[in-house]
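Just the heavy atoms: all of them, side chains too, but no hydrogens, waters or symmetry mates, feed the values below. A note on names: the letters A, B, ... follow the listed sequences, proteins ahead of strands, and every chain is numbered from 1.
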There are 2 protein chains.
Amino acid sequence: MNVSHSRSAEPASGGARRRSEDTRSAILAVARERFATDGYDRATIRAIAKDARIDPSMVMRYYGNKEGLFAAAVSVDLSMPDLAALPRADAGQALVTHFLGMWEENEVLTALLRVGVTNSAGAERMQSVFRDQLVPVARAVCPDPEQAAARAGLCAAQLLGLALTRYVLRFPPAVGLAREEIVAWLAPTLQRYLTAPSP
Amino acid sequence: MNVSHSRSAEPASGGARRRSEDTRSAILAVARERFATDGYDRATIRAIAKDARIDPSMVMRYYGNKEGLFAAAVSVDLSMPDLAALPRADAGQALVTHFLGMWEENEVLTALLRVGVTNSAGAERMQSVFRDQLVPVARAVCPDPEQAAARAGLCAAQLLGLALTRYVLRFPPAVGLAREEIVAWLAPTLQRYLTAPSP
DNA sequence: TCCGGTTGCCAACACTCGTTGGCCAACGTC
DNA sequence: GACGTTGGCCAACGAGTGTTGGCAACCGGA
């Protein structure tokens, strides 16, 4: 509650930056790791604080409570490419490639998936990412915009399923596939979900 | 440890069945529900015992510890159909249809998925179900048996992704799809993953 | 030099968890 | 009727949780 955000626009470079900014971001970094590997419940405030080499009470002072920490740690920007600017037939391939890059870039998406499965706040956040960032892209490519949500849902199912088996459950066959193989297999699927006439 | 299994072949019908058998199975039933809706950590022994209207210590006496309860509650038999007995071109459709039935039949698969994401024992169990029940079926259909595991992995990604978005995360578009629509969309995908020449 | 805010740690609270051991009542068998 | 077995509850332990308040050290501006 009494977290003070009352600083006016820090100079980004040179100036004597407050130490707290470093610890704040250090907390976020280790929190992301913990949420990604342990899920919400097992990612305890104490464990996160220990990783960040500070006292658990600091986490509370900076982020209010555990929910606040999670909200701050896991904010997803898929930075989706504009599929409408591509040749229509390349949409599927562009989508898989982009997603694979996002998943391997950092652990935020893994954290979100692990938490979303057991924690309702996490699930809602996943849903908002889907609604605000994936569906609009589908709307730009789909033949009938009214079907955009359903088609985006099918794409999400395929992409999240791959992420689940590969990055979370670590099924050996899913882990063993090379990126190009995944793209080659999934691109036609997504292409069909996005642009094929509904069956 | 001192759980006594030392009874000799009960008469299955009519006879005065031990009360304990009823409570044992009642525990399993509510445990499945709890694991399915709450995941491993939040499905506490106390909550399960309360649902079953017994004392938490009874759960311990019957199943040793929480791990043992989970192992007993979540045992999955996919009872896969013999895809080799079907026309080759129907494999994909048969697979989706069968899976949708399994997921909606009871909550065991939901429980397994929710637990597998955050609990390592659950993840290993998922892996063994995949390896022992799905891969063999793929092996019977795939052109090259050496690729069976990889192709089964792709199918698992698609099927688990659908289950994730529809039964766990409850994305509205995934929930809104009718069963026939899902079959129509996914069957060609699985068919390709199973039988198409590798790209 | 002083002084107010910032940064941090420590100790504790209230709670829940899995787990244990003892006690009690009912029951079937001799 | 005595007795061991079985099914069940109660009370407690020890560990771990999120969370809180107080207190010491530091630092920058007056």
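- Atom-to-atom, CE of B:Met58 to C1' of D:dG7 comes out at 5 Å; the value is rounded to the nearest Å.
- For the OP1/OP2 pair of D:dG7 and a distance below 4.0 Å, the side-chain nitrogens and oxygens of B:Thr23 include no atom meeting the criterion.
- Residue B:Asp55 places its side chain closer to D:dC9 than to any other of D:dC9, C:dG8, D:dG18.
- We find that CZ of B:Arg61 is positioned 10 Å from P of D:dC9, with the value rounded to whole Å.
- With rounding to whole Å, A:Ile45 atom CD1 is found 14 Å from D:dG16 atom C1'.
- For A:Ser57, the listed nucleotide lying nearest its side chain is C:dC10; candidates were C:dC10, C:dT20, D:dT19.
- For the pair A:Ile48 CD1 and D:dG16 P, the interatomic distance rounds to 17 Å; values are reported in whole Å.
- In this structure, the nucleotide among C:dT19, C:dC17, D:dT19 sitting nearest to the side chain of A:Asn65 is D:dT19.
- Note: CD (A:Glu67) to C1' (D:dT17) measures 15 Å, nearest angstrom.
- Below 30°, between 30° and 60°, or above 60°: for B:Trp103 and B:Tyr167 the angle between ring planes is below 30°, a parallel geometry.
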Verdict with supporting geometry, A:Asp77 and A:Ser79, side chain to side chain donor-acceptor pair (under 3.5 Å): CA-CA 5 Å; A:Asp77 177 13; A:Ser79 63; 4.9 Å; no
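- With distances taken from any side-chain atom of A:Tyr62 to the nucleotides C:dT7, C:dG21, D:dT19, the minimum falls on C:dT7.
- Protein atom CD1 of A:Ile54 is 11 Å distant from nucleotide atom C1' of C:dC9, rounded to whole Å.
- Under a cutoff of 6.0 Å and an axis angle of 45°, A:Arg24 and A:Tyr63 form a cation-pi pair.
- Taking only side-chain atoms of A:Arg46, from C-beta outward, the nucleotide of D:dG18, D:dC9, C:dT19 with the closest atom is D:dG18.
- For the pair B:Tyr40 OH and C:dG18 C1', the interatomic distance rounds to 10 Å; values are reported in whole Å.
- Atom CZ of B:Arg42 and atom C1' of C:dG18 are 17 Å apart (whole Å).
- Ring planes of B:Phe70 and B:Phe35: perpendicular class, angle over 60° (limits at 30 and 60°).
- Side chains of B:Asp51 and B:Arg34 form a contact here, defined as non-hydrogen atoms less than 4.5 Å apart.
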